[in-house]
Protein chains: 2
Amino acid sequence: MDQLITGDFQVNGDAYEPKTLVDGAYRQLRRDIIEGRHAPGAKLRVEHLKDEYEVGAGTLREALALLVSDSLVVAQGQRGFRVAPISLADLEDITRTRVMLESEALRQSIAHGDEAWEGNLVSAFHLLTRAEEKLAGDLDGSVNEWEERNRVFHETLIGACGSRWIRHFLAILYRQSERYRRISVLNRPVPQDVHEEHEQIFKAAIARDADEACRLLSGHIWRAFHTVSAVPEFAQESASRKVANGR
Amino acid sequence: MDQLITGDFQVNGDAYEPKTLVDGAYRQLRRDIIEGRHAPGAKLRVEHLKDEYEVGAGTLREALALLVSDSLVVAQGQRGFRVAPISLADLEDITRTRVMLESEALRQSIAHGDEAWEGNLVSAFHLLTRAEEKLAGDLDGSVNEWEERNRVFHETLIGACGSRWIRHFLAILYRQSERYRRISVLNRPVPQDVHEEHEQIFKAAIARDADEACRLLSGHIWRAFHTVSAVPEFAQESASRKVANGR
DNA sequence: AAAGCCAAAAATCTCGAGAAAAAACGTTGA
DNA sequence: TCAACGTTTTTTCTCGAGATTTTTGGCTTT
């Protein structure tokens with residue numbers, strides 16, 4: 001199957017070389033939004049951004065249009081583009097939907113996964129473990145590496161799920177979650193419990209214990225939600241939700 | 001809340017006035033793809049389409065980029081755009097995913113729906129019934145009206161579901177399903193059984209019988225799948241799937 | 001006759017400038 | 001002092017033309 005330029009996850013670890021400027025701007029912009037360099041709700045002025053990303057105005061507009069797909073950018077007719085806003089209520093919705101889809105996907109993956117899948121999973125878990133060790137060692141640049149390997153681990157877990165659509169939706173939801181997680185890790189580094197959770201999920205998956213794996217995975221995802229909701233910025237958000245409702 | 005130009009379903013029945021040329025081209029193009037005027041897998045040449053839709057090349061490109069969101073168009077780097085291909089396997093995936101999401105959504109909707117929701121549902125069912133009567137009367141232009149009201153009915157059913165994300169994903173899946181259904185109805189008009197199914201679902205929903213409503217709705221959606229799979233074009237497709245795999 | 005290669009043609013991708021709309025600002029009047 | 005209005009400024013939206021890349025077609029060679 002052809003490699004789609006706007007496809008979901010990059011399964012192989014190779015560095016992705018953008019084939020077109022639009023694609024390059026799209027990836028760069030997506031990353032900058034997920035990692036919070038463009039704040040939620042912020043206006044995305046084409047005039048400024050075209051200089052920052054070194055492309056023409058039309059090119060940047062097209063990249064922004066692609067980002068509407070992932071619900072990372074919203075377009076308001078005749079009033080330009082904005083970074084999609086965030087809220088605790090939204091994260092709760094994302095989390096609940098993700099738990100439902102990811103449970104189903106994991107169940108299918110465990111049912112249908114072959115030995116190649118097991119191999120990929122062992123590999124992904126190992127790399128994630130190494131990254132978590134580095135993270136505990138407090139190396140500064142290792143956060144991005146951990147994020148990347150965490151993503152690959154979760155992606156591999158459901159990799160043998162036969163449903164492309166579920167995987168597609170999960171890719172979207174994962175990116176959304178990542179935005180929130182990036183905010184929470186700014187305040188507090190990744191807790192050490194997370195490694196143990198990953199290990200338990202990993203073992204249950206290899207043991208083909210679907211019920212246990214889903215139970216653990218659900219707890220894992222919900223725990224991330226609670227970690228974010230404990231962050232002060234969001235505590236105040238849920239208080240001012242009524243205000244935000246107006247308009 | 002602001003009206004997003006690339007939002008999901010249009011809830012109110014008012015005619016939507018596109019605020020920008022990009023938005024207009026996007027809607028028109030989306031409709032033309034769903035209704036099969038652009039065949040699945042067909043190449044979408046910007047040079048031709050810009051004349052057909054009477055917009056500039058850049059504008060049309062942006063509209064196409066928006067369509068990638070709905071997975072109705074795929075972009076192949078440096079090789080232009082194509083209408084997303086279809087296959088029976090894809091429809092099966094769509095159907096299975098849709099059943100899962102729509103069951104959950106309907107359950108939530110029945111649990112949380114207030115009287116306003118009931119009112120909307122009664123109204124949507126009534127309009128759908130009228131459209132089905134016209135359809136039985138064999139009026140030619142009434143197919144589009146039926147499609148529209150069928151969409152509104154299904155949308156209203158899950159309208160009280162609290163999860164925006166589930167509704168968003170269902171909107172995407174519904175559009176995908178519609179492409180397939182449009183093909184099957186070309187061969188055989190909507191069966192009269194469908195009205196009875198709608199009525200049963202409607203009654204179960206009003207009676208707040210979630211289990212029964214979900215059971216009926218699942219059967220309803222799966223029946224649509226089987227109707228399509230019986231169409232000759234798809235029977236041969238599933239036979240030639242191996243060929244299609246090769247690039 | 002089939003495979004490989006080179007040149008012509010088509011299509012894509014990209015950019016900057018002009019038209020239209022929205023936002024910002026200062027002015028005027030009650 | 002406040003509100004409403006008109007002008008200025010900024011930003012968005014749109015278009016057509018030029019540079020790259022892909023594809024097509026024909027030619028040569030084995």
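The sequence lines fix the lettering, A, B, ..., with proteins before strands; numbering per chain opens at 1. Both backbone and side-chain heavy atoms feed into the values below; hydrogens, waters and symmetry mates do not. Since we're looking at a predicted model, the values are computed, not measured.
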Distance-only check: which donor-acceptor pairs under 3.5 Å involve side-chain atoms of residues 39-58 of chain B, not counting sequence neighbours?
{"unit_1": "B:K43", "atom_1": "NZ", "unit_2": "B:R79", "atom_2": "O", "d": "3.0"}
{"unit_1": "B:Y53", "atom_1": "OH", "unit_2": "B:D32", "atom_2": "OD2", "d": "2.6"}
{"unit_1": "B:Y53", "atom_1": "OH", "unit_2": "B:H38", "atom_2": "NE2", "d": "2.9"}

Kindly write out the residues that satisfy side-chain hydrogen bond (donor to acceptor under 3.5 Å, both in side chains) with B:Q176, not counting sequence neighbours, or none if the list is empty. none
Atom of A:R167, atom of A:C161 and distance for their closest heavy-atom approach: NH1-O, 2.5 Å
Mind listing the residues from residues 48-63 of chain B sitting with a heavy atom below 4.0 Å of DNA chain C? Number order is fine. B:R61
Ignoring hydrogens and angles, tell me if any N or O in the side chain of B:D70 forms a donor-acceptor pair with the backbone of B:L72 under 3.5 Å. no
How many angstroms lie between CZ in B:R175 and CZ in B:R30, if you round to the nearest 0.5 Å? 4.0 Å
Enter the inter-axis angle for the ends of the helix from C:dA1-D:dT30 to C:dA30-D:dT1 (five pairs per end, rounded to 10°). 10°
Determine the interplanar angle of the B:F169 and A:F169 rings, folded into 0 to 90°, and report it as parallel if under 30°, tilted if 30 to 60°, perpendicular if over 60°. parallel
Under 3.5 Å: donor-acceptor pair, side chain of B:S109, backbone of B:A160: yes
Starting at the 5' end of nucleotides 18-23 of chain D, put B wherever the base has a protein heavy atom under 4.0 Å, S where only the sugar-phosphate does, and a dash everywhere else. ---SSS
Check: A:R179 side chain, A:I34 main-chain N or O, donor-acceptor pair, under 3.5 Å: no
Salt bridge check, A:R164 against B:D93: does any charged N sit closer than 4.0 Å to a carboxylate O? no
Where do B:A131 and B:R149 come nearest, in terms of heavy atoms and distance? CB-CD, 3.9 Å
From B:T156, B:V152, B:L157, residue fulfilling side-chain contact (heavy atoms from CB on, under 4.5 Å) relative to B:N120: B:T156
Mutual orientation of the aromatic rings belonging to B:H168 and B:W165 [parallel < 30°, tilted 30-60°, perpendicular > 60°]: perpendicular
Whole Å only: how far is the CG atom of B:L66 from the C1' atom of D:dC13? 14 Å
Heavy atoms only, 4.0 Å cut-off, all strands: where does A:L44 land among base, sugar-phosphate and nothing? sugar-phosphate
Interface limits on DNA chain C, where chain B has a heavy atom under 4.0 Å of a nucleotide atom: C:dA11 to C:dT14
Answer yes or no: is there an ion pair linking B:E148 with B:R151, defined by an N-O contact shorter than 4.0 Å? yes
